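See below for the structure under consideration.
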Amino acid sequence: MATELAGDLVGVDPVETTARPAGIPLGRLWDGLWPKVAAAAMMIAAWQIVVWFGWKPDYVLPGPGPVFQRLAQDFGSANFDLGIAITLRRALVGYAIAVAVGSAAGILVARIAVLRKAIGSAILGLQSMPSIAWFPLAILLFGLNETAIFFVVILGAAPAIAGGLLSGVDHVQPILVRVGHVMGARGLSLYRHVILPAALPSFVGGLKQGWAFAWRSLMAGEIIGIVGHQLSLGQQIQFARDFADAEQLLAIIVVIFVIGVVIDSLFGILDRGIRRRWGLLGAES
């Protein structure tokens with residue numbers, strides 16, 4: 001219902017905006033890919049230039065060549081691959097719980113005026129809290145285990161997700177709500193068919209921000225201590241620092257960076273798909 005309403009109101013044919021080819025043209029794929037490739041090349045070039053100037057010894061700041069060679073060797077190690085899997089599992093589980101908690105909180109605060117007055121501003125306050133500040137409390141409450149890590153990941157991500165949903169609901173065009181009323185939508189039906197679909201672009205922005213907070217919180221938690229004697233990426237960074245193994249430390253940082261870029265790209269594809277469906281992108285997009 002919301003798609004048709006949005007299409008009628010902004011002058012976009014809903015059939016035309018949704019019936020696009022499923023495949024992605026190579027030109028459009030390259031248009032989205034080349035800026036990231038160029039940025040990565042510039043960063044690697046700047047890194048190599050700093051190494052050439054001899055700002056730090058090679059054993060402290062190795063160049064890109066030795067680091068990528070070490071990364072290729074590490075990918076053949078069972079511990080390294082297992083560490084990536086452990087970290088990704090924790091990130092996905094914690095983020096999934098945060099999405100459920102944040103979405104429920106956002107809907108409740110949006111629907112109930114008393115909750116909006118009571119805790120609406122607290123959501124913004126929680127977003128500004130450094131995630132690392134929650135870890136001492138989490139360890140006291142749960143001990144040094146995965147529950148403590150999930151606790152901090154959820155506290156880091158859920159407020160951003162709730163805030164994104166709440167912002168989207170607040171910025172739904174009043175005319176959409178009025179048209180929904182005219183078409184017989186009331187209460188939960190109005191939220192399901194009109195308000196929540198119209199708030200989806202902002203909600204996706206909140207999901208993206210929530211993932212960033214979750215990822216940072218997880219890395220901080222894994223660096224603090226070993227959980228369950230599992231060599232996660234954060235723990236491997238800590239061990240590399242303890243043994244002054246700069247090549248492995250930088251190799252793991254590269255992996256963390258690449259994972260972040262890939263997830264961000266997936267959110268970007270989702271966001272553009274929703275905006276295209278809602279008719280919020282130009283004809284050339």
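This chain uses plain numbering: 1 for the first residue, then up along the sequence. Predicted, not measured: the structure shown is a model, and the values here were computed from it.
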Exercise for the section: Treat each ILVMFWY residue as a node, draw an edge where side-chain heavy atoms are under 4.5 Å apart, and state whether I252 and V258 are in one component. Expected result: yes
Practice task
If the plane angle is over 60° it's perpendicular, under 30° parallel, otherwise tilted; pick one for Y95 and F267.
Solution key: perpendicular
Fill in the blank from the handout: In short, salt bridge (Lys or Arg N to Asp or Glu O under 4.0 Å) pairs touching residues 148-170 with sequence neighbours left out are R116-D170
Problem - Stepwise side chain to side chain contact (heavy atoms under 4.5 Å, CB included) check, L250 with L61 - result: CA-CA 9 Å; L250 289 172; L61 181 63; 4.3 Å; yes
Practice task
For I154 and P159, work out which heavy atoms get closest and say how close.
Solution key: O-CD, 3.8 Å
Exercise for the section: Answer yes or no: is there a side-chain heavy-atom contact under 4.5 Å between I132 and I224? Expected result: yes
Exercise for the section: Determine, using the 4.5 Å side-chain heavy-atom cutoff (strictly less than), whether V254 and I84 are members of one ILVMFWY cluster. Expected result: yes
Problem - Closest heavy-atom pair and its distance - Q127, G163 - result: NE2-CA, 4.1 Å
Practice task
For residues 70-84, pull every pair meeting side-chain hydrogen bond (donor to acceptor under 3.5 Å, both in side chains), keeping only residues two or more places apart or in separate chains.
Solution key: R70-D74, R70-D245
Practice task
I would like to know whether M43 and F257 meet side chain to side chain contact (heavy atoms under 4.5 Å, CB included); could you show each step before the answer?
Solution key: CA-CA 12 Å; M43 292 175 61; F257 174 77; 4.2 Å; yes
Problem - Approximate separation, where rounding is to 0.5 Å, of R90 CZ and I149 CD1 - result: 4.5 Å
Practice task
Using ring pair (Phe, Tyr, Trp, His ring centres under 6.0 Å) as the criterion, list what pairs up with F75, not counting sequence neighbours.
Solution key: F80
Practice task
Output all residues satisfying salt bridge (charged side-chain N to carboxylate O under 4.0 Å, His left out) with D264, sequence neighbours left out; order by chain, then residue number.
Solution key: K208
Practice task
Any ring pair (Phe, Tyr, Trp, His ring centres under 6.0 Å) involving residues 110-146? Give me the pairs, sequence neighbours left out, ordered by first then second residue.
Solution key: F142-F151
Handout entry: Same apolar cluster: I259 and L249, side chain cutoff 4.5 Å
Key = yes
Exercise for the section: Report yes if the side chains of L231 and L82 come closer than 4.5 Å at any heavy-atom pair, otherwise no. Expected result: no
Completion exercise
Note: G83 and Q236 closest approach over all heavy atoms is CA-NE2, 3.6 Å
Practice task
Determine whether W211 and I256 fall in the same hydrophobic cluster, where Ile, Leu, Val, Met, Phe, Trp and Tyr are linked whenever their side-chain heavy atoms lie under 4.5 Å apart.
Solution key: yes
Exercise for the section: Step by step, work out the side chain to side chain contact (heavy atoms under 4.5 Å, CB included) result for V67 and W47. Expected result: CA-CA 11 Å; V67 170; W47 177 8; 3.6 Å; yes
Exercise for the section: Output the distance between atom CG (L207) and atom OG (S202), rounded to the nearest 0.5 Å. Expected result: 11.0 Å
Completion exercise
Taking every heavy atom of A251 against every heavy atom of L71, the minimum-distance pair comes out as O-CD1, 3.8 Å
Practice task
Compare every heavy atom of G63 with every heavy atom of V51, then report the nearest pair and how far apart it is.
Solution key: CG2-CA, 3.7 Å
Practice task
Would you mind reporting whether F213 and L155 have side-chain heavy atoms less than 4.5 Å apart?
Solution key: no
Handout entry: Within-4.5 Å side-chain heavy-atom neighbours: Q235 and I223
Key = no
Handout entry: All salt bridge (charged side-chain N to carboxylate O under 4.0 Å, His left out) counterparts of R89, not counting sequence neighbours
Key = E146
Exercise for the section: Work out which heavy atom in S103 is nearest to a heavy atom in L165; give both atom names and the distance. Expected result: O-CD2, 3.5 Å
Practice task
Would you give the length of the straight line joining atom CD1 of I49 to atom CD1 of I44, rounded to the nearest 0.5 angstrom?
Solution key: 12.0 Å
Problem - S167 side-chain N/O to G164 backbone N/O, donor-acceptor pair under 3.5 Å - result: no
Exercise for the section: State plainly whether one hydrophobic cluster holds both L144 and F150, where clusters connect Ile, Leu, Val, Met, Phe, Trp and Tyr through side-chain heavy atoms under 4.5 angstrom apart. Expected result: no
Fill in the blank from the handout: Separation between CG (L141) and OG1 (T147), nearest 0.5 Å, reads 11.0 Å
Handout entry: Backbone N/O of I274 and side chain of D271: donor-acceptor pair under 3.5 Å
Key = no
Problem - Euclidean distance, I161 CD1 relative to L166 CG, rounded to 0.5 Å - result: 13.5 Å
